[in-house]
Every structure is written in structure tokens, then in C-alpha cells.
Amino acid sequence: QVQLIESGGGLVQAGDSLRLSCAASGRTFWRDTMGWVRLAPGTESEFVAANSWSAASPYYAASVKGRFTISRDNAANTVYLHMNSLQPADPAVHSCAAGSAATLTGRYDYWGQGTQVTVSS
């Protein structure tokens, strides 16, 4: 059974950093595109970062570019989201996604439950 389990969320102050982790299990994911999407109350979901298995050209949403970095450890089946300079607009449930035929912003097969990020001003 494929599972994606996120961790690392929490309450931080504006300007702080967090590192989210997503551990994938059930099969190997080194050839998958993996990404992070966030959902805040009253808003639509937003893909914030993704990269393919080669990690050659990662995708970042305009709202996080320059502040967030996606990385992956294929040997450990884990993808990370390094979040710097967190802002009051960033709070949301952040979920990871994986897919063997995914584009950077869609067509994912697997989703995690998410981890909450809260930013106090």
C-alpha cells in the first residue's frame, strides 16, 4: 500500500524557517515527479513546489519563489520542502504528492494527509 506521510509542520513566527518532510512508502519513487501543494481555509489549493525525478528544473509558485526550496532523497524515498522567511500569508495544510506520469503541477497519483503550518505575525 502506497503511503505519503508528511511531518515538520508547526507554529512559527513571521520570518522563521521550517523544513517539511514527506516519507513515501509502498514502492520506490525515484522515477516519480513529487511536489507540495497547500490549502488554506477559504482558498483554492496551490501547488507551491515540485520536481521531477531528475530534479533538473523544479517548479515554484510565484508566491514562494526565492523563499522555498524543494529537495529529495531518492534513496530514502523522501521529499523535503525548505521554507524560509515564512509570512502571515503562508499558513495552510501542506501536502505532498507523487506520480509516475505527473506533470509538475498536476496528474498526481498519490497524496498525503498534510501537515499544518501556522505563522504568527
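On a predicted model such as this, the values are computed, not experimentally measured, just so you know.
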Exercise for the section: Could you give me the CA-CA distance, side-chain angles and deciding distance for T118 and V12, then say whether side-chain contact (heavy atoms from CB on, under 4.5 Å) is met? Expected result: CA-CA 6 Å; T118 304; V12 297; over 6 Å; no
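- Within the 3.5 Å criterion, the main-chain N or O of N51 finds a donor-acceptor partner in the side chain of R72.
- Residue L104 belongs to a hydrophobic cluster whose other members are V37, F47, Y59, Y108, W111, with links defined by side-chain heavy atoms closer than 4.5 Å.
- Across all their heavy atoms, Q116 and P91 have their closest contact at NE2-C, 4.5 Å.
- Residues T115 and V93 have side chains not in contact (no heavy-atom distance under 4.5 Å, counting atoms from C-beta outward).
- In terms of modelled atom types and a separation under 3.5 Å, the side chain of N77 and the main chain of F29 share a donor-acceptor contact.
- D73 contributes atom CG, which lies 14.0 Å from atom CH2 of W30 (distance to the nearest 0.5 angstrom).
- Side-chain contact check for S17 and N84: at least one donor-acceptor pair (N or O, by modelled atom type) lies under 3.5 Å.
- Proximity of a side-chain donor or acceptor of E6 to a complementary backbone N or O of Q113 within less than 3.5 Å is detected.
- Annotation for G99 and D109: closest pair CA-OD2, 3.5 Å, computed over non-hydrogen atoms.
- The shortest non-hydrogen separation linking W36 to V79 is CZ2-O, 3.7 Å.
- Contact detail for V117 and H94: the closest heavy-atom pair is CG2-ND1, 3.6 Å.
- Of the possible donor and acceptor atoms, none in the side chain of T33 sits under 3.5 Å from a partner among the backbone N and O of S52.
- Cluster membership for M34 and Y80, using ILVMFWY side-chain heavy atoms within less than 4.5 angstrom, is not shared.
- Under the salt bridge (charged side-chain N to carboxylate O under 4.0 Å, His left out) criterion, R27 pairs with D32, not counting sequence neighbours.
- Contact record, G114 with S95: CA-OG, 3.3 Å, taken as the closest heavy-atom pair.
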Got a list of side-chain donor-acceptor pairs under 3.5 Å for residues 64-71, not counting sequence neighbours?
residue, atom, partner, partner atom, Å
R67, NH1, S85, O, 2.9
R67, NH1, D90, OD2, 2.8
R67, NH2, S63, O, 2.8
R67, NH2, D90, OD1, 3.0
R67, NH2, D90, OD2, 3.4
S71, OG, H82, NE2, 2.9

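- Pairing each heavy atom of S121 with each of A14, the nearest pair is CA-CB, 4.3 Å.
- Expressed to the nearest 0.5 Å, how far CG of L4 lies from SG of C22 amounts to 4.5 Å.
- Put simply, the side chain of Y110 does not reach to within 4.5 Å of the side chain of C96, judged on heavy atoms.
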